[in-house]
Amino acid sequence: MAEIRHFTPVIARLLGAAVSDDDFTPKLGRTRSKDGKKVVKYGGRILAAARLAGAKTGVRSRRFDGSRIGRGASMGRLLSSRDRLAGFRGRRAMVKASLVRLAGKAGQVARAHMRYIQRDGVTRQGLPGELYGPDTDRANGDDFLKRTAHDRHQFRFIVSAEDGAEYPDLKPYVRRLMTQVEKDLGTKLDWVAVDHFNTDRPHTHIVLRGVDDRGDNLIIAREYISHGLRERASELVTLDLGPRIDREIEDRLRHDVDQERLTAIDRRLLRRMDTDRTVSPADNDPFQQSIAAGRLRKLKAMDLAEDIGGGRYRLAEGLEDTLRRMGERGDIIRLMQRELTARRLDRAGVEQVVTTDMREPLVGRMIHRGFSDEHRDRHYLMIDGADGRVHYVDIGRGDATQSVPEGATVLIEATRAGATAADRAVDAVARANGGRYSIDLHLRHDPQASESYATSHVRRLEAMRRAGAGPERNADGSWTIPSDHLTRAETFAQRQQRDRPIALSILSPRPVGDLVAIEAPTWLDRELASGASDAARDAGFGREVRTALAARRQWLIEQQLADGDGQSFRLRAHALENLRQRELESVSGRISGQLGKQFEPTQIGERVEGVIARRVDLESGSYALVERSRDFTLVPWRDVLDRNIGKAASGIVRADGINWQFGRGRSGQTIS
């Protein structure tokens, strides 16, 4: 610097300006060696060597993964480090987050989700959920949806504090949390929420608009969503309820030692293990050491750790996932026992089965339906099986499976994840017609096919088109089928199976004991006709089924609808049709009295005209009540009629369905 100051007056004289030493601030260029090459500073060489050394020096270059893009990245990183250092003293909170795109029909999905979180029975009093916002206890869901109409996306959160049941009201806690999130993200947020008290732990559903206070797309860093939200929720509940005292922590850790699930002790052991997955219980704190030693002995007994001597253990590969699955299974078994006790069902000694992969059809009585994952809207059924076991069955998305009254007898079968016969038929027709498909082309390709059968293939194509799975509908009503149609169809089916892994049929909404002397065809009759009546096990619901089958067999013989003795049994010809006619006559008589109109049965080939009045559920199946000016009739129900109730309709009765035409001036819609 002294050398620079020495030359400053000379430079000033050359420039013809009078400057003092303090007025001149030199800007140094890059230092170069004598040969003109750039000289790397010593500090830079150290950093470069550290990066090359990687794990050996503890300095690692972070691979770009996008987790720090968006608002809250630095705060998420800070809170993540605090979370790791927090230990056991803070109270825990769980936050689940999802980003939902609102393009296309997703707006309808957003509206359905709003109805879902406000459904009946979620408050402490069993009432519908109450939507609230930052400044009001009664937010308007329709107004919120209008504001989101042009948003690109929205965020959905579920927040559940471990000790949330101690809050008399969760609203102040949630508002303080969202206020803190606004500070962390540097923008005002537009959100609504609903508190739920219908599960073991109270929790809150929060719907957040995907725009900031300037109207731009709100991008939240993944690191903040993964760590920041949970840490903020945890620190607020700790401030409200106080940190856990030593006694609480010690009691919890002692309890965790023998648990067959993932615990805080396991997470600590996993963090301490070396590259060979070996770990020691040694700790400066004698209590922590005894807890770790006890847990390692428990893991060894579960074949999840190996004692290699010298006080060290090798943890099993996949330990975390194994313990998490064991914990989920244990929670399910406890849930099943609780539901059985609440319904006073004596199933002591009866095996309880968690069904994740159905191999055989299951017949049983529906005990309970609930959430297996409320965040993703996945449901489960508890089934009292005719096989003498109680089953827990994951049924996928709640809206993919019809509602079933408790006590109803159901049949559950696994869905198939592959291309169907309809997909193969479409592919064959398209290959023979230059990649095009239509009903006319199908009928020319297969003269044995009916129009209603070909129309069912169009419905399959329409479902694939809406899912973006490949086929394109042309202006003339034909379809352009890609050459890899079968591959796309299989991918589409696999996606559907994730949402709907099972197919459910209601065999009867009545208790099985009420079917013994009913004048209608029942599922018991079909069991007797097929000779499968011995499949029911003499335990649990299976015992009730066996008793009902024996009584129904005797009743059918007395009604001269079947022949048999103690050893043999055979239904007479047309016995089931006879029972169906008896049921229709009984039901039509009641409806005739209600409407003051005469019942007219339909025949194949006859034209039916009238208004689709309502659905009538009978033991033999569901029917549509078609009302006319002077009379009415009953025809087989199809789910597509749901959206046409109250409309005028006409069609011709066929063996495989009715070619319905709804309203005036509309083209016919075939229902197979």
Side-chain angles (χ1 to χ4, degrees), residues 361-365 386 402 404-405 407-413 452 503-536 541-542 544-592 599-606 608 615-626 632-639 641 653-658 671-672:
L362 172 64
V363 173
R365 175 173 56 203
Q402 62 181 310
V404 182
T409 304
V410 297
L411 168 65
I412 298 178
E413 300 174 283
S452 60
L504 182 145
S505 305
I506 300 178
L507 298 180
S508 175
R510 304 169 184 254
V512 66
D514 293 352
L515 303 179
V516 169
I518 188 173
E519 290 195 325
T522 70
W523 70 276
L524 295 177
D525 304 325
R526 294 189 290 272
E527 290 290 302
L528 290 168
S530 66
S533 56
D534 292 334
F541 180 64
E544 297 179 36
V545 171
R546 291 171 72 95
T547 301
L549 284 168
R552 182 66 171 178
R553 183 189 296 115
Q554 185 61 35
W555 184 87
L556 290 169
I557 293 172
E558 292 172 356
Q559 295 290 314
Q560 297 183 354
L561 294 169
D563 300 304
D565 51 30
Q567 301 297 324
S568 63
F569 175 84
R570 181 177 60 83
L571 280 174
R572 291 184 179 181
H574 309 299
L576 296 180
E577 180 61 24
N578 190 325
L579 285 168
R580 192 179 75 86
Q581 290 300 326
R582 291 190 194 183
E583 181 185 35
L584 283 176
E585 289 172 7
S586 174
V587 171
S588 61
R590 290 200 303 270
I591 296 175
S592 180
F599 171 68
E600 288 292 337
T602 58
Q603 304 293 330
I604 292 178
E606 181 181 344
V608 177
R615 171 174 170 162
V616 179
D617 293 317
L618 306 180
E619 198 64 38
S620 57
S622 297
Y623 293 82
L625 171 60
V626 181
F632 70 94
T633 190
L634 295 170
V635 297
W637 175 266
R638 294 294 181 267
D639 288 340
L641 293 175
V653 179
R654 297 178 177 175
D656 58 351
I658 298 179
I671 304 175
S672 58

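Everything numeric here is computed off the predicted structure, so don't read it as measured data.
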Next item on the list: Give, for atom CD of Q554 and atom CG of L549, the distance between the pair rounded to the nearest 0.5 Å.
Entry: 13.5 Å
Next item on the list: Report the distance from atom OG1 of T522 to atom CG of L556, rounding to the nearest 0.5 Å.
Entry: 7.5 Å
Notebook entry, point to check: Taking atom CD1 of I506 and atom CH2 of W523, what is their separation to the nearest 0.5 Å?
Noted result: 14.0 Å
Checklist line | side chain to side chain donor-acceptor pair (under 3.5 Å) involving E583 - partner list, sequence neighbours excluded | finding: S620
Checklist line | All side chain to side chain donor-acceptor pair (under 3.5 Å) counterparts of E585, not counting sequence neighbours | finding: none
Note to self: Within the 3.5 Å criterion, strictly below it, is a donor on E619 or S508 matched to an acceptor on the partner's side chain?
What the structure shows: yes
Check: Is there side-chain contact between P361 and L411, with at least one heavy-atom pair below 4.5 Å?
Finding: yes
Item checked: Which residues share a side chain to side chain donor-acceptor pair (under 3.5 Å) with N578, sequence neighbours left out -> R582
Next item on the list: Could you tell me the separation between the OH atom of Y623 and the CG atom of L641, rounded to the nearest 0.5 Å?
Entry: 14.0 Å
Notebook entry, point to check: Is the backbone of L584 close enough, under 3.5 Å, to the side chain of S588 for a donor and an acceptor to pair up by distance?
Noted result: yes
Margin query: Give me the atom names and distance for the closest heavy-atom approach of A624 to W637.
Written below: CB-CE3, 3.6 Å
Check: With a 4.5 Å heavy-atom cut-off, do V410 and L507 have their side chains touching?
Finding: no
Note to self: Applying side-chain contact (heavy atoms from CB on, under 4.5 Å), can you list everything that pairs with A517, at least two apart in sequence or on another chain?
What the structure shows: W555
Next item on the list: Step by step, work out the side-chain contact (heavy atoms from CB on, under 4.5 Å) result for I557 and F569.
Entry: CA-CA 9 Å; I557 293 172; F569 175 84; 4.2 Å; yes
Note to self: Which residues pass the ring pair (Phe, Tyr, Trp, His ring centres under 6.0 Å) test with F632, not counting sequence neighbours?
What the structure shows: F599
Margin query: Given 3.5 Å as the limit, does a donor-acceptor pair link the side chain of R552 with the main chain of I518, or not?
Written below: yes
Next item on the list: Mind checking the CD-CG spacing from E600 to L634? Nearest 0.5 Å is all I need.
Entry: 11.5 Å
Item checked: Residue list, side chain to side chain donor-acceptor pair (under 3.5 Å) with R572, at least two apart or on another chain -> D563
Notebook entry, point to check: For E413, which residues count as a salt bridge (Lys or Arg N to Asp or Glu O under 4.0 Å) partner, sequence neighbours excluded?
Noted result: none
Notebook entry, point to check: Between atom CG of D525 and atom CG of L515, what is the distance when rounded to the nearest 0.5 Å?
Noted result: 8.5 Å
Checklist line | Pair R615, S622: side-chain N/O donor-acceptor within cut-off below 3.5 Å | finding: yes
Checklist line | Under the side-chain contact (heavy atoms from CB on, under 4.5 Å) test, residues paired with T547 that sit two or more places apart | finding: none
Next item on the list: Please check if the side chain of E606 supplies one atom and the backbone of Q603 the other of a donor-acceptor pair under 3.5 Å.
Entry: yes
Next item on the list: Would you check if the side chain of R546 reaches a backbone N or O of A536 as a donor-acceptor pair within less than 3.5 Å?
Entry: yes
